There are 2 protein chains.
Amino acid sequence: MTSGPESRRKTTAPDTGAVPGTVRPGGRTARVREAVLRAAGDALAEHGFAHLDLAEVARRAQVGKTTVYRRWGTVTALLADLLDDMAEQSEPRTETGTLLDDLAANAALVCRTLTDPRQGALFKAVIAAATCDTTAAEALHRFYAARVAEWAPCVRQAADRGEVPADTDPEQVIRAVSAPLYYQLLTTGAPLDRAAAERAARSAYAAACAGVFRREQ
Amino acid sequence: MTSGPESRRKTTAPDTGAVPGTVRPGGRTARVREAVLRAAGDALAEHGFAHLDLAEVARRAQVGKTTVYRRWGTVTALLADLLDDMAEQSEPRTETGTLLDDLAANAALVCRTLTDPRQGALFKAVIAAATCDTTAAEALHRFYAARVAEWAPCVRQAADRGEVPADTDPEQVIRAVSAPLYYQLLTTGAPLDRAAAERAARSAYAAACAGVFRREQ
DNA sequence: GTGTTAACGGGACCGGAGTTCCGTTAACTG
DNA sequence: CAGTTAACGGAACTCCGGTCCCGTTAACAC
């Protein structure tokens, strides 16, 4: 009863089940992706997550509405892709020689990122998306895991120098630097300034020295 | 040219500009509000912020769709009202006698709240809403300001006892307890367990003792 | 170069969120 | 206990986000 595969052979390919953009990722496809991600970032910085619609993104990117829906489908999926794209352009870690200064540098970097109108808006949006969508949440976890892993070595070096207990978990220290900054961004109206960054670094440093972040047992 | 106020006097009142529910807040109006807030909480725990629509809330609450749109209008406004409602039912602070234990009690409370399926979902949703809507953001700030103010006294008492520097800012200490818990909830997949709460309390305590949260100068 | 077909793009289409209209119910006043 | 009218509720309507269809363009293979 099934119509044979040779019947109705059209120029339109049968669905391969795969996501569009994976078989011929060059040229036009790459240009479209770039334009859409840029437009999405712009729209996000203006309207925020709640009022972001794919049709408008398509318009801004001068790309067919259908294309955006076919390749990304949902706002959260687009955000996840945007975050993955951004993960590739992270500033390299600086090394100062002391743990406190390294942490301060990290805090300043986080602070700068969250304060930047464009990046800040993006992060807020992705966090919002992550609260209600698994795909976005996983992208966010991946992103922070990578960032934390990049900065962890400075804690390991400090442990070698004897600045903190030898069995200190480096990743916990790095997260302790970011936590108060994100918390302040989300739950208070107060602006993220240099003092807040300084405090975040000193707080994480004091806790690490006190042995709060030592591994279990 | 304006039609006089006596012309066309209908039974329907002219718009007073005020939000419905403020002039006759008793009886039916109160019942409607209660039913809608309950239904909104239920829907939120199920679908999350992104897929919450007011029509469904109205259906669950067995209330006219029009009523919900008239009184709240947007999802974020409804969330703000829901948060204000929740702010009234906070558990009272416990007093243990030492700062570290007080902070641990606070951390445990926050942890319990965020872990609870219903309250946790609500908080995630409100945070998401706050990232893109001023009304929700203000409600969130009010909420945390109240919570922080409730717990601040334990730091003040500790300062009197000499546990921490006298010019320690109590609110910063309390926020330092919550920050890592919220950060973990949002940016990692790791579950919020007792150990995380314990760490949050000890970290804030160590930093406070080290004088990180002293007021400017 | 030529051929295949992945990927794009315009336009018609559809469903449901949000609005408007107006009649009904019941909260407050005296 | 009436009278006034704030607030509710059903139903029709509008508008637009998201989908579908199908023709066009151009990436990759040879």
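Source: prediction; values computed, not measured. As a basis for the values below, the full set of heavy atoms in this structure was taken, side chains included, without hydrogen atoms, waters or symmetry mates. First the proteins, then the strands, lettered A, B, ... as listed; each starts at 1.
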Please list, pair by pair, any protein nitrogen or oxygen found under 3.5 Å from a nitrogen or oxygen in nucleotides 11-16 of chain D.
from, atom 1, to, atom 2, distance (Å)
D/dA11, N6, B/T66, OG1, 3.4

For B/W72 and C/dT19, give me the distance from atom CH2 to atom C1', rounded to whole Å.
18 Å
Which residues share a side-chain hydrogen bond (donor to acceptor under 3.5 Å, both in side chains) with B/D116, sequence neighbours left out:
none
Among residues two or more places apart or on two chains, list those pairs meeting side chain to side chain donor-acceptor pair (under 3.5 Å) that have a residue in residues 122-139 of chain B.
B/T76-B/D133
Using a strict cut-off of less than 4.0 Å between a Lys/Arg side-chain nitrogen and an Asp/Glu carboxylate oxygen, indicate whether B/R194 and B/E198 qualify as a salt bridge.
no
5' priority, DNA chain D, between A/G73 and B/T29 [closest heavy atom]:
B/T29
So which protein nitrogen or oxygen atoms get under 3.5 Å of nucleotides 28-30 of chain D's nitrogens or oxygens?
from, atom 1, to, atom 2, distance (Å)
D/dC28, OP1, A/P25, N, 3.4
D/dC28, OP1, A/G26, N, 2.8

Looking across every strand, which nucleic acid part, if any, lies under 4.0 Å from A/R31 by heavy atom: base, sugar-phosphate, or nothing?
sugar-phosphate
Atom CZ of A/R28 and atom P of C/dT5 are separated, to the nearest Å, by 17 Å
Is a side-chain donor or acceptor of A/Q184 paired with a backbone partner of A/P191 at a separation under 3.5 angstrom?
yes
Euclidean distance, atom CZ of residue B/R59 to atom C1' of C/dG18 [Å, nearest integer]:
13 Å
Residues 139-149 of chain B vs side chain to side chain donor-acceptor pair (under 3.5 Å), sequence neighbours excluded, gives B/D84-B/R142, B/Y144-B/Y182
Partners passing side-chain hydrogen bond (donor to acceptor under 3.5 Å, both in side chains) against A/R93 (at least two apart in sequence or in another chain):
none
Taking side-chain hydrogen bond (donor to acceptor under 3.5 Å, both in side chains) as the test, write out the residues that go with A/T96, two or more places apart.
A/D102
End-to-end bend of the helix from C/dG1-D/dC30 to C/dG30-D/dC1 (five-pair axes, 10° rounding)?
60°
If you look only at pairs with a residue in residues 28-43 of chain A, which of them pass as a side chain to side chain donor-acceptor pair (under 3.5 Å), with sequence neighbours excluded?
A/R33-A/D81, A/R33-A/D85, A/D42-A/R118
Could you note down all residue pairs passing ring pair (Phe, Tyr, Trp, His ring centres under 6.0 Å) where residues 121-140 of chain A supplies at least one of them, sequence neighbours left out?
A/F123-A/F143
Sorted by chain and number, sequence neighbours left out, side-chain hydrogen bond (donor to acceptor under 3.5 Å, both in side chains) with A/W151 holds for none
Atom CG of A/L52 to atom P of D/dG17: distance rounded to whole Å?
11 Å
What nucleic acid atoms does B/R70 come within less than 4.0 Å of, heavy atoms only: base, sugar-phosphate, or nothing?
base
Which residue pairs pass the ring pair (Phe, Tyr, Trp, His ring centres under 6.0 Å) test with at least one member in residues 35-64 of chain A, sequence neighbours excluded?
none
Closest to side chain of B/Y69, choosing from D/dC8, C/dC8, C/dG18:
C/dG18
